[in-house]
Amino acid sequence: MSDQEGPDDYVLASGTEADLDAVCAIERLSSPSPWPRQAFVDELARPWARLEVLRHPATGRVAAFCNYWLVADELHILNVAVLPEERRRGHAARLLRHILEQAARGKVRVLSLEVRVSNLAAANLYRKFGFREVGLRPKYYADSGEDALLMDLEPPT
Ligand SMILES: CC(C)(COP(=O)(O)OP(=O)(O)OC[C@H]1O[C@@H](n2cnc3c(N)ncnc32)[C@H](O)[C@@H]1OP(=O)(O)O)[C@@H](O)C(=O)NCCC(=O)NCCS
């Protein structure tokens, strides 16, 4: 990021195939088991799947993305990831606010997600937005055998 730009300069937009190089680069820098590009291509074709990016309008740079499923009255968050040098600037919070707006618009009854038990930054992010820990999936992650923490949020009606 140059001195002239800040997190507010990024614009939230629906992700397209043209964003996938950037999305996959963020994913590789963010996850011990990054999704392959084809997984994102497949998501773009699913009517119930959403990919959102924070893109700089002038440079086209993508700082962060999230993807989630909206099925009936449930919203399941699959990924929220931010370029390492763009972290702690509010990008993930902005994506979460957008997800909660979408949930309110779609009359979603419950939002859910899984997070690695060691991922304190992500768990804190979700807690900040009202998610509660509701269970544990033992050895959920095949790469490390780590447990997944299940979190959910029932938005106010
Ligand atoms: C988790 C992640 C998405 C947070 O993104 P971010 O843009 O840095 O988060 P924000 O700046 O919007 O911070 C929002 C809140 O998240 C929490 N948080 C974010 N980073 C944190 C950290 N390193 N340690 C503790 N809490 C953290 C805080 O509660 C923070 O609120 P605060 O700034 O008022 O303290 C980012 O660290 C990331 O991309 N990690 C790798 C990918 C990942 O683990 N994704 C989640 C998979 S489920």
Side-chain angles (χ1 to χ4, degrees), residues 1-3 5-15 19-37 39-40 42-44 46 48-57 59-71 74-104 108 110-155:
M1 192 171 79
S2 79
D3 290 347
E5 53 180 65
D8 293 342
D9 295 320
Y10 285 82
V11 173
L12 199 142
S14 286
D19 293 305
L20 291 190
D21 284 350
V23 164
C24 290
I26 297 172
E27 174 71 356
R28 282 193 299 275
L29 291 164
S30 300
S31 171
S33 257
W35 281 27
R37 185 188 174 91
F40 287 104
D42 293 347
E43 288 296 292
L44 287 177
R46 296 189 170 115
W48 60 87
R50 302 275 189 285
L51 171 67
E52 312 285 348
V53 298
L54 284 174
R55 198 193 291 124
H56 195 279
T59 63
R61 183 171 188 255
V62 174
F65 75 92
C66 65
N67 63 324
Y68 56 94
W69 283 358
L70 200 41
V71 181
E74 292 194 25
L75 189 156
H76 187 71
I77 299 178
L78 296 161
N79 267 308
V80 177
V82 179
L83 275 175
E85 66 271 28
E86 289 281 348
R87 289 182 190 161
R88 302 310 307 253
R89 294 171 183 264
H91 288 306
R94 193 165 163 200
L95 291 169
L96 259 290
R97 281 197 298 275
H98 173 77
I99 289 172
L100 289 176
E101 282 165 20
Q102 292 302 110
V108 162
V110 63
L111 293 89
S112 61
L113 59 89
E114 288 107 20
V115 60
R116 288 173 194 261
V117 288
S118 64
N119 194 347
L120 299 180
N124 270 345
L125 166 73
Y126 297 127
R127 272 189 217 108
K128 185 174 175 178
F129 281 85
F131 282 80
R132 300 165 306 136
E133 294 158 26
V134 290
L136 208 62
R137 280 200 218 287
K139 302 187 178 17
Y140 180 74
Y141 296 98
D143 52 20
S144 60
E146 191 173 354
D147 298 346
L149 195 58
L150 308 185
M151 301 184 83
D152 77 14
L153 168 63
E154 292 176 20

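Throughout, numbering of the chain's residues begins at 1 and tracks the sequence. As the structure lists them, so they are numbered: ligands from 1, and atoms in each ligand from 1. All values below were derived from every heavy atom in this structure, side-chain atoms included, with hydrogens, water molecules and symmetry-related copies excluded. As the structure is a computational prediction, the values presented were derived from the model and not from experiment.
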Value rounded to 0.5 Å, distance of OH in Tyr68 from CG in Leu78
11.0 Å

In terms of atom number and element, which parts of ligand 1 are under 4.0 angstrom from non-hydrogen atoms of Ala93?
12 (O)

Contact region, Arg89 to ligand 1, non-hydrogen atoms below 4.0 Å, reads backbone

Asp9 side chain vs Gly6 backbone, donor-acceptor pair below 3.5 Å
yes

Side-chain donor-acceptor contact under 3.5 Å, Trp69 with Glu43:
yes

Any N or O of Ala122 closer than 3.5 Å to N or O of ligand 1:
no

Ligand-side contact atoms (ligand 1) for residue partner Ser30, heavy atom cut-off under 4.0 Å
41 (C), 42 (C)

Check this for me: does any side-chain nitrogen of one of Lys139 and Asp147 sit under 4.0 Å from a carboxylate oxygen of the other?
no

Stepwise side chain to side chain donor-acceptor pair (under 3.5 Å) test for Arg116 and Ser31:
CA-CA 10 Å; Arg116 288 173 194 261; Ser31 171; 4.8 Å; no

When you measure from atom 33 (O) of ligand 1 to each heavy atom in Glu114, Arg88, Arg87, which option holds the nearest one?
Arg88

Which bit of Tyr126 gets closer than 4.0 Å to ligand 1, counting heavy atoms only: side chain, backbone, both or neither?
side chain

Contacts of type side-chain hydrogen bond (donor to acceptor under 3.5 Å, both in side chains), residue Ser33, not counting sequence neighbours
Asp143

Residue Gly90 vicinity, atoms of ligand 1 by number, heavy atom under 4.0 Å:
10 (P), 11 (O), 12 (O)

Examine Glu86 against ligand 1 and note whether any of their N/O atoms are separated by less than 3.5 Å.
no

Qualifying salt bridge (charged side-chain N to carboxylate O under 4.0 Å, His left out) pairs, either residue in residues 23-37, two or more places apart:
Asp21-Arg37

Counting only nitrogen or oxygen atoms and a 3.5 angstrom limit, does Ala92 reach ligand 1?
yes

Nearest to atom 39 (O) of ligand 1, what protein heavy atom do you find, and at what distance?
Val82 N, 2.9 Å

N/O donor-acceptor pair under 3.5 Å between Arg137 side chain and Glu114 backbone:
no

CH2 of Trp35 to SG of Cys24, rounded to nearest 0.5 Å, is 10.5 Å

Looking only at N/O atoms, are Asn119 and ligand 1 under 3.5 Å apart anywhere?
yes

Any heavy atom of Val80 closer to ligand 1 than 4.0 angstrom?
yes

Which residue supplies the protein heavy atom nearest to atom 32 (P) of ligand 1, what is that atom called, and how far is it?
Lys128 NZ, 3.6 Å

Leu125 heavy atoms, cut-off 4.0 Å: which ligand 1 atoms fall inside?
14 (C), 15 (C), 16 (O), 17 (C)

Option set Asn124, Leu78, Leu149, criterion heavy-atom distance to atom 29 (O) of ligand 1, minimum
Asn124

Nearest protein heavy atom to atom 37 (O) of ligand 1: under 4.0 Å?
yes

Between Arg61 and Glu85, is there a side-chain N and carboxylate O pair less than 4.0 Å apart?
yes

Would you say Ala81 and ligand 1 have an N/O pair spaced under 3.5 Å apart?
no

